[in-house]
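This one's a predicted model, so the numbers in the text were calculated from it and none came from an experiment. Just so we're on the same page: letters track the sequence lines, and every chain starts at 1.
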Amino acid sequence: MSGPGNPRPQRPLTSIGARLRTLVANPWGRPRWLVVITWAYMVWSIVPVLIAIQFSFNDGRSIAVWQGFNATRWYWGDHVNSVWHDPTLQHALIQSLKLAGLDMLIATPIGVLLAIGLARWRGYGGRPANFLMLFPLVTPEIVMGVSLYLVFQYVFVFVHPSTTAQVLGQVTFSISYVVDVVSGRLLSIGRQYEEAAADLGASTWESLRLVLMPLLLPSILASMMIVFAVSIDNFVITQWLSCGAGCDTIPIKVYNASRAAPLPSINALAAIMVYLTLVAVGAAYLLYRLLTRGEHGKGSTHTDIASMGSIDFN
Amino acid sequence: MNQSSDGTIQLIGLSKRFGPYLAVDNIDLDIPGGEFFSILGPSGCGKTTTLRMIAGFEQPSAGRILLNGENVEQFPPNKRPVNTVFQNYALFPHLNVFDNVAFGLRRARLDKEEVNRRAAEALELVMLSGLEKRRPYELSGGQQQRVALARALVLKPAGLLLDEPLGALDAKLRRQLQIELKALQEQVGITFIYVTHDQDEALTMSDRIAVMNAGHVEQAGSPQEIYEAPETVFVADFLGAANLMDATAFGDDGGGRCRVEVGGTTLAAALGDSALKGECKVIIRPERIRLERPGPASDGENRVQGRVERSIYIGSAFQLIVRLNIGCTVEVEVQNNGYQTDFEAGSDVSVLLPPEALRVLREGSDARVEASVEKDPDREAAAPAAKRSHQPEDQRAGSTRSIRRARA
């Protein structure tokens, strides 16, 4: 077996060893362990969501024991307890959509103008202002929620805990997201188009309206979608400024219900929130890609998308 | 397509300071209407800043800009009768070719018929008829360049400002567009100010060139003047290859030529200031040096002995590196005329440096040092002003247009 003319038995051994080595340490191969960790993390983080969504399709009344598949019961099929027929759940859904819509419509224009102002700021104060824009993103939400609550309680007393207060609170921190996305776009397109427009005789207003706005449109739409998603998801600030049951949004309702006697309709409500978020973010991405297609320097598009991705959706 | 006013552009004492950096240092230029004028210089020499001040994108720190004899430095870009072709074209990506070209016409509130007619004319001028509906990103680099030209020319400006417009194109297309651009300029008769760092481009197209370095104009003149009669070491070195030799000058030899000593050998230089004395530089172009086999005639005037160190084949010519026995190495260009050259590496040669090709220049300009510093493109505007504060003021005797003040 160990004769010089018979090297065969050794070969599988060495080749297995070599294979193992290359699997672990082949410098030209893909970094497999990174791939493994990435996928493990993806599965780990997405499984709870998938389970929650799965039980929104449960045929029975349990949120823990699978009793068969029913696509519609907890969404609208059940005449008493489905999201559609339970007035509190329906109200939470409507309240969430109302807040998200208002937040989107108010925060986006302000944020866009702020971004332009900051990007084109000449002189002192630009940098501190830019830094301040990050503040709402890094401030713990609970701090912001409490502060807003106290401000409305003691300073701006004409604002009572209400839908208005909730919208004001959400707009306050949503603007940062808009400024962030639009600033990224402004940076990547630079000043050259505005200069070209001015060079060709456009006034400042014309250059803003005819050149800058169309070029910012992708990022404006993207930031609207992001604001929508952020608003739909928001719990802490919305809860602090809530007027009670009438102001409950999806997250608040889900939180309260899951502490009482939850039915799969709560899963359905949570699932709807996930769907809305996914649709908003997906739409933002697709719109952005569609509207910036063919722009020279593909890199800029990618960095913009990356900067979109760098924002965490609470 | 001629402008009623003549299109003269004058810069008077123009300076631009960015914080501590003096990007443009007291420039005076006088550009008559209809001239193809190039501003040539290395990265960071202030040429783009100068152009941007003329266009109105930067406000001068000092000095005046006159277009058609009228002060414009207080006007915003949209009120100035000049248009710009940007380095990366800056075509509006959301508009098609026609709308890009018509943009300026519409801002001028012209009626629809005239907009259509003039935009079509401009597109015809740059040979892009038929591509009106295309978006910029559907065009090749050369086509985008033409759209940018048409978009600027359609407004019939008094002056067209071009910021390295051919920089992004490949060499062959670039050469083709150089010729087209020059022909186009002659056709429309508009003043062109063309900024470039490419000396071939500047020499090929320009009526006149200003060579800029570290924020100031080193020399302004026709391509021939600039190339044949450089007034500073920097200009000689920046335009094409130049052999620079350290020398000592002993003034006029009585025949209008300067007697110079290089490495113990006395040479006669017919170009430059013949009365020069003391430390100087002697300059000769590689194509003006003549090589001969060593022989009985090897000892004449301005002849030195040397040995070929390397011979480089560059297609149209041979580039020879020759070490001279006077202690320096020169580059010699020998035309490739199809015959075998006699000058292999290692062979001894007799080198003739014709007096009528030798130029003496006063030393003392630290332009070369600055040039090497300025090669870092990130140091735009980083003109080391302090460095130049102790320079002799009269180093370019006979300079006509370039004025520089030593800053105390």
Quick check on the interface: out of B/A152, B/A90, B/A148, who has the most heavy-atom pairs with chain A under 4.5 Å? B/A90
Give a yes or no on whether [X] atom [atom1] has more than 12 heavy-atom contacts from other residues, nucleotides or ligands under 6.0 Å away.
X: A/F135; atom1: CZ; result: no
X: B/Q59; atom1: CD; result: no
X: B/Q176; atom1: CD; result: yes

Chain A contact via B/R151 - which portion, at a heavy-atom distance below 4.5 Å: both
Specify the closest pair of heavy atoms between A/Y193 and B/P93, including all atoms of both residues, with the distance to one decimal. CE2-CD, 3.5 Å
Which atoms of A/S203 are under 4.5 Å from chain B, going by heavy atoms: the side chain, the backbone, both sets, or neither? both
Mind jotting down which residue pairs meet the ring-ring contact (aromatic ring centres under 6.0 Å, His included) criterion with at least one end in residues 98-118 of chain A? Sequence neighbours excluded, please. none
Distance check, rounded to the nearest 0.5 Å: A/E195 atom CD versus B/F57 atom CZ? 5.0 Å
Value rounded to 0.5 Å, distance of CG in A/L200 from CZ in B/R106: 12.5 Å
Checking side chain to side chain contact (heavy atoms under 4.5 Å, CB included) for the pair A/E206/B/N78: CA distance, chi angles, key distance, verdict? CA-CA 11 Å; A/E206 281 174 324; B/N78 51 326; over 6 Å; no
Is B/R107 close to A/L210 at the side-chain level, that is, under 4.5 Å between some pair of heavy atoms? yes
Can you sort out the partners of B/F103 under ring pair (Phe, Tyr, Trp, His ring centres under 6.0 Å), two or more places apart, ordered by chain and number? B/F92
